[in-house]
Amino acid sequence: MKKILTVIENELKKAFSAGGYEEKFAKAVLSNRPDLCEYQCNGAMAAAKAYKKKPIEIASQVVQALGESPLFSMCDAVMPGFINLKLADSFVADYMNQMAADERLGLKEQESPKTIILDYGGANVAKPLHVGHLRSAVIGESIKRMGRALGHHMIGDVHLGDWGLQMGLIIEELRDRKPELPYFDPSFTGDYPDEPPFTISELEDIYPTASKKAKFKAEEGRKQGMSEEEIAREEEKSQAFAERAHLATRKLQEGYAPFLAIWNHIMNVSKADLKKNYSSLNVSFDLWKGESDAQKDIPGLIDDLIRQGLAYESQGALVVDIGEPGDSKELPPCIVRKSDGAALYATSDLGTILERERELHPDAYIYIADKRQELHFTQVFRVAKKAGFVAQDMPMSFLGFGTMNGKDGKPFKTRDGGVMRLEQLIADINEAGYQRIMENRTAEEEEARKTAGMVGLAALKYGDLSNQAAKDYIFDVERFVSFEGNTGPYILYTIVRIKSILNKYQEQKGELNRFSILPGTSEAEKTMMLEIARYNDVMEAAFKELAPHKLCQYIYDLSNDFNRFYHDSKILSEEDQEKQKSWIGLITLAKDVLEACISVLGFEAPDRM
Ligand code: ARG
């Protein structure tokens with residue numbers, strides 16, 4: 001379906017041409033004076049310059065040419081040259097009925113769908129999934145779903161951090177805990193066991209312990225009352241452990257079989273757990289690739305960069321300059337190999353690009369990570385283009401998100417100051433949702449728990465997505481689970497309210513259909529219709545700008561419009577049967593649009609709340 005703005009513009013174009021003016025001036029926008037009109041066209045102002053006439057003269061001419069257009073119930077030329085428009089009720093009702101009859105609710109079909117790689121999630125294997133990764137998962141999932149709703153071929157890749165120092169730390173900590181394991185016996189020649197040498201809960205304990213062990217802090221020791229002698233000894237131990245971990249990481253990266261066997265266990269145990277966590281967030285990935293998959297491409301790509309004369313030695317490292325003429329400040333070169341030859345974050349991302357080009361032939365790339373990684377992605381994108389790993393005009397975007405803060409305005413922590421585990425966070429918000437549900441009604445325990453899960457997820461995701469991604473935001477459970485205000489539960493509550501009206505109607509009348517929608521008869525009804533009509537426009541803009549918050553703002557506005565209409569019109573007691581049917585048809589459409597939007601945002605509404 002055409003966007004309603006496009007339909008309006010097409011009508012305006014005819015009128016501009018009829019007056020002898022170029023069509024390009026026929027731009028329509030939502031009114032910024034809703035008290036005067038619904039849409040407006042400011043094109044006469046621009047045309048006035050080109051045609052050296054008074055804007056009002058052109059505006060009046062256009063209005064005249066619009067004449068009895070069936071689209072408008074009002075077209076006024078007002079000083080200095082605005083064209084104020086109101087849409088005809090019959091035209092709007094017609095647009096509603098077309099939307100209702102379309103299973104895509106008016107989203108247009110893609111003539112040439114794009115294959116788009118979406119790199120999000122970015123969990124680090126064997127490290128706990130913390131709130132830092134929550135945003136990437138939540139935002140990325142919504143962008144993937146937006147793209148899909150619009151008909152693109154979206155490929156979501158979790159791009160695990162699975163090749164770093166954490167692996168060496170785990171290997172050495174495992175050695176300290178279980179030295180008898182065959183992986184640590186250099187003379188062992190048999191097959192390594194299929195059974196992992198740890199459970200997920202052990203693994204969750206191994207990494208933080210090892211990480212702490214590798215960076216003993218003298219201050220900590222002093223706090224604990226250690227003597228300077230003891231501190232020196234601890235420091236030495238810690239350093240030795242860190243060195244072992246570095247060495248183990250290196251050996252793993254060079255393909256040492258026993259460590260690769262441990263690595264495989266770490267991957268399997270950790271991935272199973274990650275999948276569980278992501279699925280409780282309603283997040284899923286098409287690909288479970290990681291940094292390790294990129295390694296095979298790295299030697300070749302380094303050679304290529306050298307051969308092309310792009311990479312050169314600098315202080316022992318191999319670097320590529322990325323500066324471009326228009327840069328406002330100097331950007332540091334991209335390091336592609338460290339002096340010790342170790343693999344690097346940027347190199348992994350470049351290797352991944354080569355693999356993606358070879359296997360997936362994407363038309364565009366979107367990466368979602370903390371905004372502090374912006375420079376990293378600028379470097380990677382520029383090197384990829386400079387070296388011809390991707391086409392010069394390949395669209396590569398980085399959506400950097402801000403920090404999730406606690407109420408104190410500092411990065412979100414647990415009560416005792418630790419990093420909040422995602423699982424805990426979800427449990428907490430579900431509990432808050434449960435309390436909120438139980439406040440006003442006595443639902444059955446089982447149903448209440450299930451509903452609480454849905455409310456919790458909506459609270460969490462909407463709380464995040466309703467902010468512009470790049471901004472920091474305050475994670476405020478109390479506010480997020482509230483049924484009032486700009487919250488996820490408020491949106492769910494609105495949908496549930498519509499569902500309940502529809503159910504009652506069906507009980508009363510014994511039938512429920514997608515009844516045809518008649519021209520609106522009240523201001524509240526028209527306002528809601530115009531909001532519904534914006535759906536395809538909003539979805540396209542939100543995807544184009546990678547801005548889920550625009551979709552949130554839209555459903556918040558639509559929910560408010562519905563609730564105003566609901567308070568205005570006694571739907572279930574309306575005596576005019578035709579009018580009542582039309583209202584039922586209209587609120588069904590409102591519900592469908594709201595549900596389509598929340599599904600894109602990655603949550604669902606319960607039947608009751
Ligand atoms: N694992 C990284 C982190 O925890 C995020 C990965 C982002 N994606 C990428 N292709 N570099 O910070």
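Position 1 is the first residue of the sequence; numbering continues from there. Numbering of ligands and ligand atoms starts at 1, following listing order.
- Applying the side chain to side chain donor-acceptor pair (under 3.5 Å) test between Tyr473 and each of Asn467, Asn405, Asp464 identifies Asp464 as the sole match.
- Among protein residues, Asp119, Gly122, Asn124, His133, His159, Tyr345, Asp349, Tyr367, Gln373, Phe377 come within 4.0 Å of ligand 1, judged on heavy atoms.
- For Phe216 and Phe241, the distance between ring centers is not under 6.0 angstrom.
- Classification of Glu219 and Arg222 as a salt-bridged pair fails, no side-chain N sitting under 4.0 Å from a carboxylate O.
- Shown here are the ring-ring contact (aromatic ring centres under 6.0 Å, His included) partners of Tyr120, two or more places apart in sequence or in another chain: Phe285.
- Partners of Arg175 by side-chain contact (heavy atoms from CB on, under 4.5 Å), not counting sequence neighbours, listed by chain and number: Glu172, Phe184, Arg244, Phe259.
- For Lys271, there are no side chain to side chain donor-acceptor pair (under 3.5 Å) partners at least two apart in sequence or on another chain.
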